[in-house]
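Working notes, beginning with the structure itself.
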Amino acid sequence: MKCPFCEENLIEGDLICPSCRRFVIDFDYLENMDNMEEKYSKSSLLDLSKEKLTFEEIITIYTYIERADHHGGDGEVSDGCSGDGTFSNLSKRLKEIKNE
């Protein structure tokens, strides 16, 4: 995967580009979330976070959470993801990807 800002190759498992130091985001997160919900037949973030997600899919979920908070949640979505284990599941999967 390439950084959407500087086009440098990303190290899978890292959420910050080693070149430009920006957070990695998915500009097509809404479409990609729809594709993931169809692929896994699940719509909740917690249920999706329990799947064997790809690096790109994890970036999509993180972007979705960030944008949901920005557009009307005041941190509500990320607080829920902290409390229900979604972030923990995503973090564990990122570590697995990095070690593969």
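Being a predicted model, the structure only gives us computed values, none of them experimental.
- Atom-to-atom distance recorded for C3:SG and E7:CD is 7.5 Å, nearest 0.5 angstrom.
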- [ ] Give the C-alpha distance, both sets of side-chain angles, the deciding distance and a yes or no for side chain to side chain contact (heavy atoms under 4.5 Å, CB included) between I59 and N32.
- [x] CA-CA 10 Å; I59 298 303; N32 291 334; over 6 Å; no
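- Between the side chain of D69 and the backbone N or O of V77 there is at least one donor-acceptor pair closer than 3.5 Å.
- Taking every heavy atom of both residues into account, S43 and E37 meet most closely at O-OE2, 3.7 Å.
- Listed by first and then second residue, the ring-ring contact (aromatic ring centres under 6.0 Å, His included) pairs that reach into residues 26-53 are F5-F27, sequence neighbours excluded.
- We find the CG-OH distance between L48 and Y64 to be 10.0 Å, quoted to the nearest 0.5 Å.
- Interatomic distance, OG of S78 versus CD1 of I65, reported as 7.5 Å (0.5 Å rounding).
- The neighbour count for Y62 OH, taken as heavy atoms of other residues, nucleotides or ligands under 6.0 Å away, is above 12.
- K42 is linked by a side-chain hydrogen bond (donor to acceptor under 3.5 Å, both in side chains) to E51, counting only residues two or more places apart in sequence or in another chain.
- Checking N9 against K2 by side-chain atom types alone, a donor-acceptor pair falls below 3.5 Å.
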Open item on the list: side chain to side chain contact (heavy atoms under 4.5 Å, CB included), that's the test. Do I97 and K92 meet it? Break it down for me.
Closed with: CA-CA 9 Å; I97 290 170; K92 287 176 190 172; over 6 Å; no
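- When every heavy atom of I25 is checked against every heavy atom of T63, the shortest pair comes out as CA-OG1, 3.5 Å.
- Atoms NZ and CG, from K50 and L90 in turn, are 12.0 Å apart once rounded to the nearest 0.5 Å.
- Taking CG of L94 as the start and CG of L53 as the end, the distance is 9.0 Å to the nearest 0.5 Å.
- Scanning both residues, C17 and C20, for their nearest heavy atoms gives SG-N, 3.5 Å.
- Side-chain contact check for M1 versus D26: every heavy-atom pair is 4.5 Å or farther apart.
- Few gaps surround CD on E100; more than 12 heavy atoms of other groups in view lie less than 6.0 Å from it.
- Inter-residue side-chain proximity for R22 and I16 is flagged as unmet; no heavy-atom pair is nearer than 4.5 Å.
- Inspection of the S49 and N89 side chains reveals an N or O donor paired with an N or O acceptor under 3.5 Å.
- Remark: E66 CD to I61 CD1 distance equals 14.5 Å, nearest 0.5 Å.
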